[in-house]
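The structure presented is a predicted model; accordingly, all values stated were derived computationally and were not measured.
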Amino acid sequence: MYKRILVTGGSAVAGDGLKSVVAKGEYDGREFIFPTSKECNMLDFEATQKFVADWKPDAIVHFAAISGGIQLTIDHPASVMRDNIIMNFNVAEAARVNGVNKVLMTLSAAIYPLDTPLPMKEEDMHKGYPHETNYSYAFAKRLIDPMAKAYKKEYGMSIVGIIPGAIIGPKSNFDPKSSTAIPALIRRFFENRGNNDPLVVWGDGSPVRQFTSDEDIARIAMWCIDNYDDPQVLNVSTMEDLSIKEAAYVIAKALGVDSGRITFDTTKPAGTHSQGVDNSKFVSLSHFKYTPARETITRTAKYFAEHYPDPKKLRL
């Protein structure tokens, strides 16, 4: 069993999910280290290497990433690609130099080619070009797949890559400049709850997504740390489909907002129609049970409503 685990991205949604399950006592007997970006700048290799050397973890869960909504990757494709690649290799190299042989990294369902048959299987990720709105982030994340295989072959390291869908939880990114669909809608609906203006949803609402709970991803990551050593990446998203339109109505109900105000702006990009993945390999190994998406979205919306506009409680 890995006793001391370094977790990057602890202030973001997946890392906060792990903090939450740790606080519930699910991993008693282990030590978790959650550094802030100020304590460990993963864009700086020397700083990353020194932090790992000082803390001497047995394993690393690398949740940190530069990610956000469609507009972020449209506006900043080069920096999104550059920073994700640099962070991933800095973490891998810091682990190698310091003898940390177990590292978990997260990919994204956005890695898959636009015309991949559904549900998308792990072996299909390199068979075409990803969606143009997200290509730079997708290629940066795809590199984790050959990285895991290369480090396993040359250094004997176990780098595990997991592919979640959209991760939702209280520490989702609610910044309107960089948030993904669900956090953006939660904030927009909440901030306009006291007027009669239309509640605008980008696109026609038809794209479907698989919204995975932050706490589910945390438990999945820990299962993989303890039980999975194959360099073959794993789809770990829930396979429960929920359209953006359905999610919007769940949010309106959770916030007590009139759903009749919801409108759809088809002049705005909506992204790919579906990013549904085949998680059968992971589920057959782990027998994992997922939290229903509506429950996760409702919990997140109510948390936002309870704590807005506290920047210590929310990523605004």
Side-chain angles (χ1 to χ4, degrees), residues 1-2 5 7 9 13-18 20-22 24 26-27 30 59 61-63 65 102-113 116-127 138 141-142 144-145 147-149 152 158-169 172 180 182 207-243 246-247 250 272-300:
M1 180 188 294
Y2 298 92
I5 300 168
V7 185
V13 61
D16 188 69
L18 186 48
S20 179
V21 297
V22 168
K24 294 177 180 180
E26 295 188 23
Y27 299 107
R30 306 198 201 198
V61 173
H62 179 40
F63 280 148
K102 190 64 177 281
V103 180
L104 180 135
M105 295 192 174
T106 53
L107 291 81
S108 165
I111 64 174
Y112 285 103
T116 303
L118 298 176
M120 299 181 290
K121 300 180 183 296
E122 292 92 344
E123 58 266 26
D124 294 331
M125 73 169 66
H126 300 298
K127 292 183 178 179
K141 288 295 188 177
R142 275 192 195 182
I144 292 172
D145 175 57
M147 175 197 287
K149 294 177 172 67
K152 181 78 168 182
S158 177
I159 296 181
V160 175
I162 62 172
I163 308 174
I167 306 171
I168 303 297
S172 294
T180 54
I182 300 307
V208 295
R209 295 291 182 267
Q210 296 72 40
F211 302 108
T212 307
S213 160
D214 57 340
E215 293 187 355
D216 282 358
I217 288 299
R219 295 182 180 104
I220 288 166
M222 288 304 299
W223 183 90
C224 289
I225 285 288
D226 289 337
N227 299 284
Y228 190 74
D229 288 305
D230 195 318
Q232 171 62 55
V233 300
L234 282 175
N235 285 326
V236 299
S237 169
T238 176
M239 290 184 69
E240 178 191 1
D241 284 338
L242 197 70
S243 72
E246 290 172 314
V250 171
T272 55
H273 179 72
S274 177
Q275 295 177 341
V277 301
D278 181 349
N279 68 9
S280 58
K281 181 175 181 180
F282 166 69
V283 172
S284 69
L285 293 169
S286 66
H287 307 290
F288 192 82
K289 302 296 183 183
Y290 291 88
T291 306
R294 287 172 173 80
E295 179 181 323
T296 296
I297 294 172
T298 297
R299 174 172 64 94
T300 302

Original post:
Got E246 and V208 here, is their nearest side-chain heavy-atom distance under 4.5 Å?
Top reply: no
**OP:** Quick one: closest heavy-atom pair of F63 and T106, and the distance?
**Re:** CD2-CG2, 3.7 Å
Original post:
Hey, are K102 and D229 close enough for a salt bridge, meaning a charged N less than 4.0 Å from a carboxylate O?
Top reply: yes
Subject >> Gap between atom CD1 of I111 and atom CE of M125 - 0.5 Å precision >> reply: 3.5 Å
Original post:
Passes side chain to side chain contact (heavy atoms under 4.5 Å, CB included), N227 versus L285? Steps please.
Top reply: CA-CA 9 Å; N227 299 284; L285 293 169; over 6 Å; no
**OP:** Measure the spacing between CD1 of I159 and CE of M147 and express it to the nearest 0.5 Å.
**Re:** 6.0 Å
**OP:** Quick one: which residue pairs count as a salt bridge (charged side-chain N to carboxylate O under 4.0 Å, His left out) with a foot in residues 277-292, not counting sequence neighbours?
**Re:** K121-D278
Original post:
Between F288 and F282, how do the two ring planes meet: parallel, tilted or perpendicular, split at 30° and 60°?
Top reply: tilted
Original post:
Is there a donor-acceptor pair closer than 3.5 Å between any side-chain N or O of T212 and the backbone N or O of S237?
Top reply: no
Subject >> For Q210, the option from D241, T238, N279 that meets side chain to side chain donor-acceptor pair (under 3.5 Å) >> reply: D241
Subject >> salt bridge (charged side-chain N to carboxylate O under 4.0 Å, His left out) contacts in which one or both residues fall within residues 218-227, not counting sequence neighbours >> reply: E26-R219, R30-D226, E215-R219, D216-R219
Original post:
By salt bridge (Lys or Arg N to Asp or Glu O under 4.0 Å), which residues pair with K127, not counting sequence neighbours?
Top reply: D124
Original post:
Mind checking whether M239 and V283 have side chains closer than 4.5 Å, heavy atoms only?
Top reply: no
**OP:** Grab the two heavy atoms, one from G161 and one from I144, that are nearest each other, plus how far apart they are.
**Re:** CA-CG2, 4.4 Å
**OP:** Identify the heavy atoms of T291 and E240 that sit nearest to each other, and give their distance.
**Re:** O-OE1, 4.4 Å
Subject >> M120 vs I163, side chain to side chain contact (heavy atoms under 4.5 Å, CB included): CA-CA, chis, key distance, verdict >> reply: CA-CA 11 Å; M120 299 181 290; I163 308 174; over 6 Å; no
Subject >> Nearest non-hydrogen partners of A293 and F211, listed with the distance >> reply: CB-O, 3.9 Å
Original post:
Are any non-hydrogen side-chain atoms of M222 and V21 less than 4.5 angstrom apart?
Top reply: no
Original post:
Sequence neighbours excluded, which residues qualify as ring-ring contact (aromatic ring centres under 6.0 Å, His included) partners of Y2?
Top reply: none
Original post:
Can you list the steps and then say if L107 with R142 is a side chain to side chain contact (heavy atoms under 4.5 Å, CB included)?
Top reply: CA-CA 7 Å; L107 291 81; R142 275 192 195 182; 5.8 Å; no
**OP:** Quick one: closest heavy-atom pair of E122 and N235, and the distance?
**Re:** OE2-N, 2.9 Å
**OP:** Please name the pair of heavy atoms, one in A138 and one in A110, separated by the smallest distance, quoted to 0.1 Å.
**Re:** CB-O, 3.3 Å
Subject >> Set of residues satisfying salt bridge (Lys or Arg N to Asp or Glu O under 4.0 Å) with respect to R299, sequence neighbours excluded >> reply: D214
Original post:
Among V250, T296, I168, L242, whose side chain to side chain contact (heavy atoms under 4.5 Å, CB included) with I182 holds?
Top reply: I168
Original post:
Excluding sequence neighbours, so at least two apart, what forms salt bridge (Lys or Arg N to Asp or Glu O under 4.0 Å) with D230?
Top reply: none
Subject >> Minimum side-chain heavy-atom gap H126-Y112 below 4.5 Å >> reply: no
Original post:
So do P164 and I217 actually touch side chain to side chain, heavy atoms under 4.5 Å?
Top reply: yes
**OP:** Can you spot which of I5, I225, I220 makes a side chain to side chain contact (heavy atoms under 4.5 Å, CB included) with L104?
**Re:** I225
